[in-house]
Student: 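Please see the structure below; I have some questions.
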Amino acid sequence: MSVLVYVEQVEGKFKKSVFEAVSYAKAIADQLSTTLSAISIGSVEEAELNALGKYGASAVLSVTAAELKNFVNQAYASVIAEAAEKENASVVVLSNSFSGKGLAPRVAVKLKAGLADGAIELPDLQGGTFRVKKTAFSGKAFAVTELTSAIKVIALNPNAFGLKENPVELSISSFSPALKATDLTAIVKEIVRATDKVSLPDAEVVVSAGRGLKGPENWGMIEELAGLLGAATACSKPVSDADWRPHAEHVGQTGITISPNLYIAIGISGAIQHLAGVSSSKVIVVINKDPEAPFFKVADYGIVGDAFEVVPQLIEALKAHKA
Ligand code: FAD
């Protein structure tokens, strides 16, 4: 019996959410008095893989097959399931990231495992049970799911557990999964970015704006602020519905769900459907001229003020800081 964690790489690097998933998986391994292995798919430098040991992974299976260089849901799920079988894993942990959301249910089906997605706490093992607290109804409620299957799959919400250093000695071995032809009916040959802007699902910092901006012509200051912070840009649904911004930037219940370290919401009211997609951000900063705007209730920092006055001042302050 062991615990396995999937460590998702983006262009050969691990994001903070990966180290968080490793920290969480290590804590489960400790609860079960067992060891933690990681499965990495795609080309990742050894130094990056070694960093997993700092958070408690004692072994890494590294898959570097050329056809798996880029993320493909079906094939990656098969590799993770095969690694789980090889490691005799009773618990498989993934980050509930953009790709983790697609992978976790597939991995669970392949392993005939129970799934808890959107987990926010360590499992409660009292009385021989395995109960996982998770978010429900777009983050408006919690659910406690009891997993009774022999193998359990858990997808951890980013920013729910935090990073916990737990250095152990790490061994890296290469793993050649026995992929079936059906796993490779679609493979991603090449990724060509449409822009060189930071991609929204992967961004650590996001600057987002809503209808309070009045019109698409006012997004220059949002782009400038995002550029200074190395951030991706996002928007509320009405903004993309009105074609002020591309639909790919729409976050929320019906758009993309994101969990950046910093989410700056400008001229967005904070409707429940918007919060559903951003509430697991680590730090939320709200700029709104209405002190009663619902967004302030979930904000870590709030500025009551006119975006057209506050944002230019922020830009000037950042420029001065950078200089
Ligand atoms: P508004 O509600 O119009 O708010 C604008 C805000 O800007 C106000 O708080 C105002 O005080 C502030 N403001 C105005 N002028 C300024 C200024 N000069 N400076 C600073 N602040 C200013 N919405 C989403 O975003 N994502 C979703 O995925 C989503 N899915 C939905 C699904 C369903 C089924 C439904 C029914 C709705 C959904 N919505 C979604 C819409 C959601 O309910 C809200 O209508 C929407 O989020 C409001 O967008 P907004 O905050 O940009 O606009």
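Order of appearance sets the numbers: ligands from 1, and atoms from 1 within every ligand.
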Student: Could you please provide the protein residues found below 4.0 Å of ligand 1 on a heavy-atom basis, arranged by chain and number?
Tutor: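 If the criterion is a heavy atom under 4.0 Å, then ligand 1 touches G210, R211, G212, K214, S236, K237, P238, H250, V251, G252, Q253, T254, G255, G267, I268, S269, A271, Q273, H274, N288, K289, D290, G305, D306, A307, F308.
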
Student: Give the minimum heavy-atom separation between A77 and R106, together with the two atoms involved.
Tutor: CB-CB, 3.6 Å

Student: In terms of side-chain geometry, is the basic nitrogen of K134 or D117 positioned less than 4.0 Å from the acidic oxygen of its partner?
Tutor: yes

Student: Considering only residues two or more places apart or on different chains, which pairs with a residue in residues 74-87 satisfy salt bridge (Lys or Arg N to Asp or Glu O under 4.0 Å)?
Tutor: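 Sorted pair list comes back empty.
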
Student: Could you tell me how the ring of H274 sits relative to the ring of Y263: parallel (under 30°), tilted (30 to 60°) or perpendicular (over 60°)?
Tutor: tilted

Student: Restricting to non-hydrogen atoms, name the atom on V60 and the atom on S40 that form the minimum distance, rounded to 0.1 Å.
Tutor: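 Residues V60 and S40, closest heavy atoms: CG1-CB, 4.2 Å.
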
Student: Flag yes if more than 12 heavy atoms outside K180 fall under 6.0 Å of its NZ atom; otherwise flag no.
Tutor: no

